[in-house]
Amino acid sequence: MSENYDAENRYFSIKEWQEDDRPREKLVRFGSASLSESELLAILIGSGASGFSALDAAKDMLKKHGGLNKLTGKTLGEIKQTRGIGTVKAITLLAAFELGRRIESAPIDKRVAIKSPDQIYEIFGPKMRNLEVEVFKVLLLSTSNKIIREIDIAKGILNQVLVHPREIFKPAITENAASIIVMHNHPSGKNEPSQEDINLTNTLQKSGEIIGISLIDHVIIAGNDYYSFKANNLL
């Protein structure tokens, strides 16, 4: 009886599957769009551990981390916590996730003029919406509102990041920026500004007026949404 249970419950390696069920063969025959997220991850993983296939590892990883979006924001150490995922495989996954973010945020390479907070989210949402700690960025803009440079000013804890106006305006002065846009993420997914966010925005606006480098907007990126101080008439 125990032999039957073992036979029913053991994990099969991908090579033992029917050909049409194997992720690589399925992709070749039916295209990448036909694959599930776990099957696509399994291709990147390549192989699992003994008795635990790459697809098993992919499914376990997605379940453990709450889906693909949250998985892409995990660290090397967190990804390695899945059975069958060592350093090399974790690096491969991180590289794939970063390529995806860069493809999605490709408009920044075209030096387009920034005209709306929608553009900000389109470019920087993929980079920031799944981060697990707050990151504060400043965009240095030319007179035509094209991005001169993107700078990470500070990285904080889960729900707080501390910045000072001088840290923001120093690179703006050095790079001869005409104006700036600042942004940070809310790992909580709530896009409403805190009182600290409002106070900082007011301080930056006043500092910019004195220096001669205007603050165009402060954008808060929160998951699949964002908040613009400019769009809400707070700038």
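What's counted below: heavy atoms across the whole structure, side chains too, no hydrogens, waters or symmetry copies. On a predicted model such as this, the values are computed, not experimentally measured, just so you know.
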For a 4.5 angstrom cut-off between non-hydrogen side-chain atoms, does Asn145 reach Lys115?
no

Using a 4.5 Å cut-off on heavy atoms from C-beta on, say whether the side chain of His186 contacts that of Asp197.
yes

Okay, side chain of Glu98, backbone of Ala95: is any donor-acceptor separation there less than 3.5 Å?
no

Could you state whether Ile221 and Phe97 fall into the same hydrophobic cluster, counting links through intermediate Ile, Leu, Val, Met, Phe, Trp or Tyr residues with side-chain heavy atoms under 4.5 angstrom apart?
no

Shortest non-hydrogen separation from Ile216 to Ser179 and the atoms involved
CD1-OG, 3.2 Å

To the nearest 0.5 Å, tell me how far Leu204 CG sits from Asn199 CG.
11.0 Å

With the side chain counted from C-beta on, respond yes when Pro117 and Lys230 share a heavy-atom pair under 4.5 Å apart, and no when they do not.
no

Determine yes or no for a side-chain-to-main-chain donor-acceptor pair under 3.5 angstrom, with Lys89 supplying the side chain and Ser47 the backbone.
yes

With heavy-atom distances below 4.5 Å as the criterion, would you say the side chains of Glu39 and Leu55 are in contact?
yes

Under 3.5 Å: donor-acceptor pair, side chain of Asp225, backbone of Lys190
no

Taking all non-hydrogen atoms of both residues into account, name the closest pair between Tyr121 and Gly223 and its distance.
OH-O, 2.7 Å

Any donor-acceptor pair under 3.5 Å linking the side chain of His164 with the backbone of Arg166?
yes

Taking every non-hydrogen atom, the tightest pair across Ala113 and Ser144
CB-O, 3.4 Å

If we ignore hydrogens and angles and just use 3.5 Å, is the side chain of Asp60 paired with the main-chain N or O of Ala57 as donor and acceptor?
no

Under 4.5 Å between side-chain heavy atoms, counting indirect links through other Ile/Leu/Val/Met/Phe/Trp/Tyr residues: same cluster for Leu131 and Leu139 or not?
yes

Indicate yes or no: at least one non-hydrogen side-chain atom of Leu41 is less than 4.5 angstrom from one of Leu71.
yes

Any sub-3.5 Å donor-acceptor pair from Lys155's side-chain atoms to Val133's backbone N or O?
no

Kindly check if the number of other-residue, nucleotide or ligand heavy atoms within 6.0 Å of NZ (Lys64) is above 12?
yes

With a 3.5 Å distance limit and no angle check, can you tell me whether Asn191 reaches the backbone of Tyr226 through a side-chain donor-acceptor pair?
yes

Got a salt bridge between Lys74 and Glu132, using NZ or NE/NH1/NH2 to carboxylate O under 4.0 Å?
yes

In terms of relative ring orientation, are His218 and Phe136 parallel, tilted or perpendicular, with 30° and 60° separating the classes?
perpendicular

Should Phe52 and Leu44 be counted in the same cluster of Ile, Leu, Val, Met, Phe, Trp and Tyr side chains packed under 4.5 Å apart?
no

Under 4.5 Å between any side-chain heavy atoms of Lys127 and Val135, yes or no?
no

Any donor-acceptor pair under 3.5 Å from Glu37 side chain to Ala58 backbone:
no

Cluster check Leu93, Leu27: I/L/V/M/F/W/Y, side chain < 4.5 angstrom:
no

State the CG-CD1 distance between Asp217 and Ile180, to the nearest 0.5 angstrom.
11.0 Å

Provide the closest heavy-atom pair for Ser32 versus Leu40 in the form atom of the first, atom of the second, distance.
O-CD2, 4.1 Å

Okay, side chain of Lys137, backbone of Phe124: is any donor-acceptor separation there less than 3.5 Å?
no

May I ask you to test the Ile210-Phe169 pair for a side-chain heavy-atom distance under 4.5 Å?
no

Which one of Asp56, Ile85, Thr92 satisfies the side chain to side chain contact (heavy atoms under 4.5 Å, CB included) criterion with Ile45?
Ile85

When clusters are formed by joining ILVMFWY residues with side-chain heavy atoms under 4.5 Å apart, either directly or through shared neighbours, do Ile151 and Leu215 land in the same one?
yes

Side-chain contact test, heavy atoms from C-beta onward, threshold under 4.5 Å: evaluate it for Phe30 versus Leu35 and give yes or no.
no

Looking only at heavy atoms, which two atoms of Pro23 and Ile43 are closest? And how far apart?
CB-CG1, 3.6 Å

